[in-house]
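For reference, the structure is listed below as structure tokens.
Keep in mind that this is a model prediction, so the values were computed, not measured. In this chain, numbering begins with 1 at the start of the sequence shown. Order of listing sets the numbers, starting from 1, for every ligand and every atom in it.
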Amino acid sequence: MSADAFPNDRHRPRYHFLPPRNWMNDPNGLIHWRGRYHLFYQHNPFGAFWGTMHWGHAVSADLVHWAHLPIALAPDPDGPDADGCFSGCAIDHNGVPTLLYTGVRGDHQLPCLATSADDDLLTWTKHPGNPVIAAPPAELATTMYRDHSAWREGGEWRQIVGAGIAGVGGAALLYRSDDLRTWEYLHPLVVETEAMSNADRPTVGWECPDVFRLGDRWALVACFWDGEPISVSYLTGELVDERFVPAYQGIVDAGECFYAPQSFADEQGRRVMFGWLREARPVAAQIAAGWSGVMSLPRVVSLRPDGTLAFAPAPEVAVLRGHRVSVPGSDVAPGADVPLDGIAGDALELQVAFAAGGTDVVGVEVRRANHGAEVTRVLYDPTRSTLSLDTRHASTDPEVSGGLYAAQAELAADEAVRLRVFVDRSVVEVFLNDRVAISGRVYPTLPDSLGVRVVGALAGPVDAWAMHDA
Ligand code: FRU
């Protein structure tokens, strides 16, 4: 991957995936095919703004280094996707790589199918019978209907489509099929309940629902949407009579920029997730930059015994590590920057730990200017069991507002607070104890906004790695 088109752009990430230029949103069609990872994504090849949705495409042997490939899906002026190829998933249908995506034509957003006959997944043939579902279920007052997730159920296929139902909110609508081309509507797999909703902002619908089995449970990830992204929740529970019975609800990533994640099972059987890290600066700034949208690092999703999901950076991310410094806790002075021995403060991984059972707020500050005029804070508050990311003072640019984002994060009494923080120019991704994630976008303007400081008493060294470009 190369960031060459933007050599002087100090906000453009260096080791997170993004297209060579222009707009990107959701990850789509994630699949591990013949030993290689394929990442498709919502892409506008004509500008750094949302519009004319295509599927961009990249391939990787290691989940971390990506090669850009030609666009995989483009709108067909005469087809049901004339106005856009929206999000969808990839599945292996008896050895045939198959995409289910949303074709947009005028007011219609309907499921479409495409298959590939080449092992590199470069060319895709759209099914002549598209759309494969002619309309949303007539018995439901749907207010939105798009995005797909599919799985095998014995010899059959199941698919869910994200939806909004008037007076209800979000839903995932369940269909069955033998051949992926003819679908029978069954019923909602699950609908939003009052307990799931965010009372401040009623949901219009769920975008990008993602269903998968994990251990002995089922999980469903849903993107709450009201015309704008609200948040990304997950449910874990069981399927009973083809209905999702949630036992637990949690947040996938408490940062406002993380949206529309998609996961897939790789050839090792791991559940790997990518999410779109939206920009947090005005559209005009995105257009002026010539690019918009970044992919999160790959995250391995696992089920914990209490029914919660854990999100940890994929171990492969460590291949990006270059020069390492390990600064003993005794060399870290309060109120002074951690001496990072030449590691650039805008492209690094940091690991710090604080003792279990403390009551003080602990954490790190990154992208910190000398006098603190710009700073991004990552804090764990043990008394409130919250992990927070504060980007309100990350930038002095008046057009960039930032926010304070917090995740509920209960730790066991004997559990240390271990933070891993990935800084990549305008991206900050934080993981607490390899299970709770918060990410954000920051746009510092000062050349010295590169400092790292520690908040609280360390229980070990500060480990930092310079990260290689991906
Ligand atoms: C989510 C989303 C999807 C849709 C796609 C369009 O970000 O709005 O619901 O398929 O993006 O680009």
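- Under 4.0 angstrom from ligand 1, there are no non-hydrogen atoms of T102.
- Every atom of ligand 1 with a heavy atom of S87 under 4.0 Å away is listed here by number and element: 5 (C), 10 (O).
- When hydrogens are left out, the protein atom nearest atom 12 (O) of ligand 1 is Q42 OE1, 2.7 Å; that is the closest non-hydrogen contact.
- Applying the 6.0 Å contact sphere to CZ of R213 captures more than 12 heavy atoms from other residues, nucleotides or ligands.
- Annotation: atom 1 (C) of ligand 1 to nearest protein heavy atom, D26 OD2, 3.0 Å.
- At the top of the distance list for atom 10 (O) of ligand 1, counting protein heavy atoms only, stands D147 OD1, 2.6 Å.
- Near N25, with a cut-off below 4.0 Å to any heavy atom, the atoms of ligand 1 are 5 (C), 6 (C), 7 (O), 11 (O), 12 (O).
- At a threshold of 4.0 Å, the pair E153-R158 does not count as salt-bridged, since none of the basic side-chain nitrogens sits closer than that to a carboxylate oxygen.
- Every N/O-N/O distance between Y259 and ligand 1 stays at or above 3.5 Å.
- Per-residue contacts place W276 under 4.0 angstrom from the following atoms of ligand 1 (heavy atoms of the residue considered): 7 (O).
- Taking a 6.0 Å sphere around CD of E139, one finds it holds more than 12 heavy atoms contributed by other residues, nucleotides or ligands.
- Salt-bridge formation is not detected for the pair R281/E399: no Lys NZ or Arg NE/NH1/NH2 atom is positioned less than 4.0 Å from an Asp or Glu carboxylate oxygen.
- With respect to the salt-bridge test (charged N to carboxylate O, under 4.0 angstrom), the residues R425 and D346 qualify.
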Just distance, no hydrogens or angles: give the donor-acceptor pairs under 3.5 Å from side chains in residues 428-437, sequence neighbours left out.
| unit_1 | atom_1 | unit_2 | atom_2 | d |
| --- | --- | --- | --- | --- |
| E429 | OE1 | R299 | NE | 3.3 |
| E429 | OE1 | R299 | NH2 | 2.7 |
| E429 | OE2 | H16 | NE2 | 2.6 |
| E429 | OE2 | L297 | N | 2.9 |
| N433 | OD1 | R418 | N | 2.6 |
| N433 | ND2 | E415 | OE2 | 3.1 |
| N433 | ND2 | A416 | O | 2.8 |
| R435 | NH1 | E415 | OE2 | 2.7 |
| R435 | NH2 | E410 | O | 2.9 |
| R435 | NH2 | E415 | OE1 | 3.2 |
| R435 | NH2 | E415 | OE2 | 3.4 |

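- Counting heavy atoms closer than 4.0 Å to ligand 1, residue W50 contributes side-chain atoms (C-beta onward) but none from N, CA, C or O.
- Scanning the protein for heavy atoms near atom 8 (O) of ligand 1, the closest one is E207 OE2, 2.8 Å.
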Compile the donor-acceptor pairs under 3.5 Å between side chains in residues 22-30 and protein atoms, sequence neighbours left out, one pair per line.
| unit_1 | atom_1 | unit_2 | atom_2 | d |
| --- | --- | --- | --- | --- |
| N22 | ND2 | P45 | O | 2.8 |
| W23 | NE1 | N25 | OD1 | 2.6 |
| D26 | OD2 | S87 | OG | 2.7 |
| N28 | OD1 | Q42 | NE2 | 2.9 |
| N28 | OD1 | W55 | NE1 | 3.4 |
| N28 | ND2 | S87 | OG | 2.9 |

